[in-house]
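Everything on this sheet refers to the single structure shown next.
So that the names make sense, note that chain A is the first sequence line, chain B the second, and so on, each numbered from 1.
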Amino acid sequence: MKRTTTHWALAGLAILMATSTMSCGGDAGLEISDAWGLPSPSVATTGAFFLTITNNGAEDDALIGATSPACGAAELHESSMDDQGAMTMQPVAGGRIAVPAGETAVLEQGGLHVMCINKLEEFTEGAQLDLTLQFEKAGDIPLTVEIRER
Amino acid sequence: MTDTQETVRSSSVGRLLPTVLAITVVLALFAWLVLPRLRPYQFNGTVLQSAMPVPDFTLTSADGPVSLSDFRGKLVVLYFGYTFCPDVCPTTLSDVNKALAQLGNEAEDVQMIMVSVDPARDDPAKLADYVQFFNPTYVGVTGTDDEVRSAATPFGIWYEAHAEEGASGYLVDHVATLNVIDREGHLKLVIGPGTGADAIAADLEYMLR
């Protein structure tokens, strides 16, 4: 009996945790979670936003752009290591990050990210920055990015 | 098999159980605590056997000229990057800071130096502000393109700017390794990007022994 109660409590907790990450934003089956950025010095003109996009809908979609009042420009970039061991960074091929139905796109350190060029706000730890993601089909999805250490 | 034999066997298994458990726990503790100490340390970075000390260089910091040889006697962690880099460079500088925090007082024997591979955009004052955001002991240096290339080449570091459409103007491809130079000035260890603070701390701690 005691065991059953614990199980229910754990299940409840799991549901709570699942819904709290889902509440980050999202519409039309797109769920954006874990949106964050690294703290960076005032003198640095750039910053990067990382996030996870899950497409729970039945239709393929793609991230095609971003805007933020914290950035002079926001572009979709990708860091990668080239065949000579150098880190290279460039705008994503085709200007879009595909998020097929039922799949998840992860923007993470050392890979895909939203590059914030000409920062207009401070990227200090604890700052909450507004970011709007532009999707091919779902349109604009506004969200908040938290500046923090990993 | 008779009922009596069955009873005898199960009771002897019952008596042995605590002993078996105790032996298992002792073996597990041995494997966990002692065995790792018997194995030679496994570096997370790539160890180099350099017969010669690395060539010295002198570049410019906000506080004047800085030479690599100024830090002889300390471990030097040498990184080539640029302030316009939003992802890999801040991640690496922040990871090294976390690694130094794990070293405690021993961190005083480690000097982090970032050389800018983007001399056109990074002047010494900007570079100082940039690196000291991550850790006040970091040193940032730059120079002319020729000076920076001469400093970078002996480490197998190369960089190349490429123009981009959009707001960034140009971006710089660069070998983003952490190069650890030992107290005698030999390049000893190369740590790849994305290695993580714990692994960096473990390598530095071993090299400080």
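Across B/D95, B/D122, B/L93, the residue that shares the most heavy-atom pairs under 4.5 angstrom with chain A is B/D95. When A/H77, A/M81, A/Q90 are compared by the number of non-hydrogen pairs under 4.5 Å with chain B, A/Q90 comes out ahead. Heavy-atom pairs under 4.5 Å with chain B were tallied for A/A48, A/A44, A/P91, A/S40; the largest tally goes to A/S40. Contacts with chain B were tallied for A/A73, A/G37, A/S79, A/S42; A/S79 has the most, counting heavy-atom pairs under 4.5 Å. For the options A/L38, A/D82, A/V43, A/T45, heavy-atom pairs under 4.5 Å to chain B are most numerous at A/V43.
Proximity to chain A is absent for every atom of B/C89, based on heavy atoms less than 4.5 angstrom apart. Heavy atoms closer than 4.5 Å to chain A are found in both the backbone and the side chain of B/S168. Contacts of A/M89 with chain B are made by both backbone and side-chain atoms, with heavy-atom separations under 4.5 Å. Only the side chain of B/Y82 has a heavy atom closer than 4.5 Å to any heavy atom of chain A.
For the pair A/E136 and A/R96, the salt-bridge criterion is met [side-chain N within less than 4.0 Å of a carboxylate O].
Remark: the A/T144 side chain and the A/Q128 side chain contain no N/O donor-acceptor pair separated by less than 3.5 Å. When only modelled atom types and interatomic distance are considered, B/E164 and B/H162 share a side-chain donor-acceptor pair under 3.5 Å.
With a 6.0 Å cutoff to the six-membered ring centre and a 45° limit on the axis angle, B/K126 does not count as a cation-pi contact of B/Y130. Stacking of B/R183 on the aromatic ring of B/F71 is not recorded, the 6.0 Å distance cut-off and the 45° axial limit not both being met.
For the pair B/T58 (side chain) and B/V66 (backbone), a donor-acceptor distance under 3.5 Å is absent.
Between A/H113 and A/F49, the distance separating the two ring centers is not shorter than 6.0 angstrom.
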